[in-house]
Amino acid sequence: MMMAMQGWGKPGINMGQMSQGAPLDLEFYFPGYADGGISGDTANNGNPINNYQRMQHVVSMNPVQQLIPKQKIPEAIIDGHCEGYRWDCTSQEAQFAPFSYPTPGFSRVHMIYRYGGSAMSTMVESGRMAEAYRNDSIEFVVNQSIFNEGEAQFADIILPACTNLERWDIGESSNAGGYGHHSYEVLNHRLIAIQHKCIEPLGESKSDYQIFSDILEHLGLGTVFTEGCSELDWCKRVYDSSDLPKQISWKKFLSKGYFVVPVEEEALRAPVSMRWFAEGRKKDTPEPQPLPSQFAEEFGYGLQTPSGKFEFIPTVLRRNEANHPDRPALNRYIPSWEGLQTRELVKKYPLQMIATHSRYSFHTYTDNTEFTNSVKDHRIEKGGHHYWILRINPVEARARGINHHDLVKIYNDRGAVICIADITSMIAPGVVKSYEASGTYKTITVNGEELEVAGCLNILTPARSQTRGTHSMSPNSTLVQIEKFEDIEALTDALAA
């Protein structure tokens, strides 16, 4: 809104940051995060408009159209039903169209097959997912993991995956292709790398690609999946589908290991985003939205809004305000439904917990490794266990008899987590500060009470969405209480068991 009042699109008045606004060759093609990769799916990613036009491969499709929002998976399993809302970047109204699980005529979930990074402690009120894994309706669980992370403990079968040092791959840093047009973030340059296989997979581990290939071979679909290609063959096919061959040979690319896309000369650079809007001209930036039917004025003129103008009070929200009162068309203050004004709850849990991203791990990535465990600002070792850090104001610590590096229990009605106290005046009274999210999830029972000891603070956060009709998490609307944890001997015995 402030940009609009200044003249959105004029020099210096635009969306972006120091990296995304850097001069880049936006027309140099390399398939991004959601462009499809080796997938032949032409319905649920950016494959049909990007990579499939350059690297034709066997078309595949998922005949199951049933959907479950990620944050509603526990409810779908435990309660047997849930409601969700689609995300569709091509339509503003689609966000208000609900869908239900289970879809009539479709089966309920009976098996969970999980691979990729651990997500247990990135989910609000994480204990719901543990309960879902244990639900009688789930007949079988497969976990495909490198590490013995949070979800692995619930698996009937663990398929050991190798690390990225033990397999071939190719990719570009921070290329979100398929999700966003010309979206190259974080870096102020474009870097494409070939990921060399340094050693053979250790032990019984295999690459994800090899695991899927072996399973599909048993199902009679191995060739459909692999198309007769090894991982290195696919790297070469992706290389060939991109603009890399115009700049560097395959042999030199393999030898060098990376390629930095040159910056275009200024005269050849793409037009500045939104400059056309500020100057009242026809749109000259090649973006996939808005669609031709969404222009309110003459084709190519105006924004993707019903009015074609910048809307301080959005028309789409105003139309739906009656059904979504907590998403008002005009911004206004709405008191938190779990905060200081919820007076009865504050009597029981007087502290507000804030848990932001850690400096040393991203979500669960790189957490609980030998490297990050050695970082004293990330975890602190005590009694042979590395505890998650909880920062507390000295006033709150004194009132509870807590000293620096004491073990503390932070809890509310949703659960309890054991952390180690870091007493600092940098935290305001009435607030405790920590980070999301632990790479592990570990519960033990001490004196009849279930305690989480890996630092999964999202056990405490509410599952409620920020607003109805969305799947937006509310991890910072959390009230807690803390106390010094006294029974160290029982805790140590339970950890050693």
**Distance-only donor-acceptor check, side chains Y441 and E151, under 3.5 Å** = no
**Message:** Which residue is it: M353, R414, M123? I am looking for the one with a side chain to side chain contact (heavy atoms under 4.5 Å, CB included) to T461.
**Reply:** M353
**Item:** Trace of the side-chain contact (heavy atoms from CB on, under 4.5 Å) decision for H189 with V263
**Value:** CA-CA 8 Å; H189 57 275; V263 175; over 6 Å; no
**Asked** What's the spacing between Q153 CD and N148 CG if we round to 0.5 Å?
**Response** 7.5 Å
**Complete:** d(Y209 OH, I38 CD1) to nearest 0.5 Å is 5.5 Å
**Prompt:** Is a salt bridge present between R54 and D243, judged by a nitrogen-to-oxygen distance below 4.0 Å?
**Reply:** yes
**Item:** Q210 side chain to S213 side chain, donor-acceptor N/O pair below 3.5 angstrom
**Value:** no
**Request:** State plainly whether the residues D233 and R237 are in salt-bridge range, i.e. N to O under 4.0 Å.
**Result:** no
**Message:** If only side-chain N and O atoms count, and only distance matters, is there a donor-acceptor pair under 3.5 Å linking N135 with S137?
**Reply:** yes
**Request:** Determine, step by step, whether H357 and H363 satisfy the side-chain contact (heavy atoms from CB on, under 4.5 Å) criterion, reporting the C-alpha distance in whole Å, the side-chain angles of both residues, the deciding distance to 0.1 Å, and the verdict.
**Result:** CA-CA 7 Å; H357 285 297; H363 296 308; 3.2 Å; yes
**Request:** Could you verify whether a donor N or O on one side chain and an acceptor N or O on the other, from S434 and W388, lie under 3.5 Å apart?
**Result:** yes
**Asked** Under a 4.5 Å cut-off applied to non-hydrogen side-chain atoms, are M55 and D240 in contact?
**Response** no
**Request:** Count the heavy atoms belonging to other residues, nucleotides or ligands that lie under 6.0 Å from OH of Y115, then report whether that count exceeds 12.
**Result:** no
**Prompt:** In terms of side-chain heavy atoms, does E231 have a donor or acceptor partner in S207 at a distance below 3.5 Å?
**Reply:** yes
**Prompt:** For F371, does the CZ atom have more than 12 heavy-atom neighbours from other residues, nucleotides or ligands under 6.0 Å away?
**Reply:** no
**Asked** Between OG1 of T443 and CG of L451, what distance do you get to the nearest 0.5 Å?
**Response** 9.0 Å
**Message:** Between D214 and K206 (salt bridge meaning N to carboxylate O under 4.0 Å), is one present in this structure?
**Reply:** yes
**Asked** Between H385 and L491, is any pair of side-chain heavy atoms under 4.5 Å apart?
**Response** no
**Asked** Between T369 and T372, is any side-chain donor less than 3.5 angstrom from a side-chain acceptor?
**Response** yes
**Asked** Does the separation of the ring centres of H57 and Y52 fall below 6.0 angstrom?
**Response** yes
**Asked** Hey, are the side chains of E131 and I77 touching, using non-hydrogen atoms and a 4.5 Å cut-off?
**Response** no
**Message:** Are more than 12 heavy atoms, taken from residues, nucleotides or ligands other than Y113, located less than 6.0 Å from that residue's OH atom?
**Reply:** yes
**Complete:** Here the gap from L457 atom CG to I354 atom CD1, rounded to the nearest 0.5 Å, amounts to 12.5 Å
**Prompt:** Going by atom types alone, do R379 and S361 pair a side-chain donor with an acceptor below 3.5 Å?
**Reply:** no
**From I170, D169, L244, residue fulfilling side chain to side chain contact (heavy atoms under 4.5 Å, CB included) relative to I194** = I170
**Any M274 side-chain heavy atom under 4.5 Å of I13 side chain** = no
**Asked** Taking the six-membered ring for Trp, are F253 and W250 parallel (under 30°), tilted (30 to 60°) or perpendicular (over 60°)?
**Response** tilted
**Request:** Begin from the C-alpha positions of D367 and Y435 and carry the test side-chain contact (heavy atoms from CB on, under 4.5 Å) through to its verdict.
**Result:** CA-CA 11 Å; D367 175 49; Y435 302 94; over 6 Å; no
**Asked** Side-chain contact, heavy-atom cut-off 4.5 Å: Q71 with M473?
**Response** yes
**Message:** With a 6.0 Å cut-off (strictly less than), is the heavy-atom count around CE of M426, excluding the residue itself, greater than 12?
**Reply:** no
**Asked** Angle class for the H378/Y360 ring planes (parallel below 30°, perpendicular above 60°, tilted otherwise)?
**Response** perpendicular
**Asked** So do the side chains of V109 and Y101 get within less than 4.5 Å of each other, counting heavy atoms only?
**Response** yes
**Asked** So, do Q53 and Y29 sit near enough that their side-chain heavy atoms are less than 4.5 Å apart?
**Response** no
**Fill in**
Between N458 and S121, the two heavy atoms sitting closest are ND2-O, 2.7 Å
**Request:** Indicate the ring-plane relationship of F212 and F225, choosing parallel, tilted or perpendicular according to the 30° and 60° boundaries.
**Result:** perpendicular
**Fill in**
Output for pair (S241 OG, N51 CG), nearest 0.5 Å, gives 4.5 Å
**Request:** Compare all side-chain heavy atoms of I380 with those of I389 and state whether any distance is below 4.5 angstrom.
**Result:** yes
**Prompt:** Could you walk me through whether R464 and S474 pass the side-chain contact (heavy atoms from CB on, under 4.5 Å) check?
**Reply:** CA-CA 7 Å; R464 174 173 167 170; S474 305; 5.6 Å; no
